[in-house]
Amino acid sequence: ARHLRGQGIGDTGGLRLGRAFAAQADRTLGVAIHQRIGQFLLDGGQPDIDRLQPLLGRPSVEGLRGCLHRLAEAGYSSVITSALHPSEARSFNEAGFVEYDRLRVLSHDLRNISPPHRPLAAPVRLRRARRRDKVSALVVDARAFPTFWRLDRTAMAEAEQATPATRFRVAVNPAAGSSDGRVVGYAITGRGSGQGFLQRLATDPDVAGNGIGTALVLDALQWAARRR
């Protein structure tokens with residue numbers, strides 16, 4: 001069975017969060033990727049999950065139903081959009097989509113950034129990510145998230161490129177047997193149009209509770225505040 005994960009109408013590169021919706025199809029076949037399906041473009045990401053990207057604006061109910069029919073014929077067994085604002089979801093609901101998950105957006109005014117109650121546990125430290133760190137960051141991401149929510153190389157690159165300015169930081173443990181240390185957490189923060197965005201945050205479950213996630217969030221907030 002193939003599953004299709006989509007980028008929702010009105011979605012801004014993963015920066016907007018609202019509701020996610022899913023619809024079930026019936027048939028199971030093989031399917032090629034990187035092809036146009038009605039108003040959408042299939043673009044392969046993970047081996048068994050592809051993205052559904054809109055080529056036009058908000059689709060009609062008839063257009064969505066046509067796309068679902070063609071995707072079912074192509075062998076997909078389910079379709080999942082990414083986050084949609086409730087106002088954007090009406091045509092999807094009418095086409096048979098149902099709520100799959102609910103996401104929330106948190107904001108910070110960057111005026112009072114309090115230090116953590118407990119400092120980052122030694123010897124872990126934060127530094128700028130190097131090219132070779134990104135493979136290790138993906139390993140951490142896979143350990144931190146269920147399969148559906150994990151990033152692959154393409155998705156990580158998109159998170160970095162979603163805003164004009166980007167900060168990629170890693171938390172490393174120098175005592176882990178490597179000269180550069182083992183990556184145990186990372187954060188991708190972006191800035192654009194006067195706003196900052198914490199695009200991605202992940203820490204290795206084996207080191208949970210040591211203040212690594214808090215340190216990465218604080219680092220992101222401080223960077224965004226300096227560039228307001």
Side-chain angles (χ1 to χ4, degrees), residues 2-8 11-18 20 22 33 43-53 80-83 100-106 116 120-121 123-163 165-178 180-192 196-224:
R2 299 296 301 275
H3 300 274
L4 192 66
R5 182 168 58 182
Q7 184 170 354
D11 186 71
T12 53
L15 303 182
R16 182 190 306 178
L17 299 180
I33 59 177
D43 182 18
Q46 299 180 22
D48 60 345
I49 302 176
D50 299 331
R51 295 173 299 164
L52 186 65
Q53 298 183 358
I80 302 177
T81 76
S82 66
Y100 176 82
D101 200 355
R102 185 168 296 191
L103 308 176
R104 295 185 181 274
V105 174
L106 303 179
L120 186 62
V124 177
R125 61 184 177 87
L126 305 186
R127 62 165 170 79
R128 180 180 179 179
R130 300 162 185 162
R131 185 183 299 272
R132 59 179 173 271
D133 291 327
K134 296 180 181 181
V135 174
S136 299
L138 285 172
V139 173
V140 171
D141 199 273
R143 288 177 54 78
F145 292 97
T147 301
F148 180 80
W149 297 110
R150 293 172 186 167
L151 294 187
D152 58 11
R153 289 176 182 267
T154 300
M156 180 173 282
E158 289 175 349
E160 290 186 81
Q161 298 165 9
T163 53
T166 303
R167 179 179 178 88
F168 196 139
R169 300 278 280 177
V170 292
V172 296
N173 182 356
S178 168
D180 292 331
R182 181 172 69 91
V183 173
V184 292
Y186 80 96
I188 300 175
T189 310
R191 181 176 57 85
F197 303 92
L198 182 53
Q199 303 278 42
R200 190 69 166 182
L201 172 71
T203 60
D204 192 317
D206 286 346
V207 294
N210 288 297
I212 296 171
T214 300
L216 286 166
V217 171
L218 180 61
D219 179 85
L221 292 174
Q222 292 173 335
W223 178 78

Audit row: F168, M156, side-chain contact (heavy atoms from CB on, under 4.5 Å) steps and yes/no: CA-CA 11 Å; F168 196 139; M156 180 173 282; 4.0 Å; yes

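- Here the straight-line distance linking atom CZ of R200 with atom CD1 of I188 works out to 8.5 Å at 0.5 Å rounding.
- Residues A220 and T189 share a closest heavy-atom pair of CB-OG1, 3.1 Å.
- For CZ of R143, the number of neighbouring non-hydrogen atoms (other residues, nucleotides, ligands) closer than 6.0 Å is greater than 12.
- R150 has no carboxylate O lying under 4.0 Å from a charged side-chain N of D141, or vice versa, which leaves the two without a salt bridge.
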F148 and D101: CA distance, side-chain angles, deciding distance, side-chain contact (heavy atoms from CB on, under 4.5 Å) verdict: CA-CA 12 Å; F148 180 80; D101 200 355; over 6 Å; no

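- A202 and F145 get closest at one heavy-atom pair: CB-CE1, 3.8 Å.
- Across all non-hydrogen atoms, the minimal contact from A187 to L198 is CB-CD1, 4.3 Å.
- With sequence neighbours excluded, the residues forming a salt bridge (charged side-chain N to carboxylate O under 4.0 Å, His left out) with D219 are R167, R169, listed by chain and number.
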Criterion side-chain contact (heavy atoms from CB on, under 4.5 Å) on R130 and V170, from CA distance to verdict: CA-CA 9 Å; R130 300 162 185 162; V170 292; over 6 Å; no

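- Minimum heavy-atom separation, N173 to P123: OD1-CG, 3.3 Å.
- With no hydrogens or angles considered, no side-chain donor-acceptor pair links D133 and Y186 at under 3.5 Å.
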Test log, rule side-chain contact (heavy atoms from CB on, under 4.5 Å), inputs E158 and E160: CA-CA 5 Å; E158 289 175 349; E160 290 186 81; over 6 Å; no

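- Judged by distance alone, with hydrogens and angles left aside, the side-chain atoms of T166 form no donor-acceptor pair with the main-chain N or O of G190 at under 3.5 Å.
- Rounded to the nearest 0.5 Å, atoms CG (D206) and CZ (R182) are 6.5 Å apart.
- The shortest non-hydrogen separation linking A171 to L126 is CB-CD2, 3.5 Å.
- Screening V184, V207, N210 for a side-chain contact (heavy atoms from CB on, under 4.5 Å) involving V124 leaves a single residue, V184.
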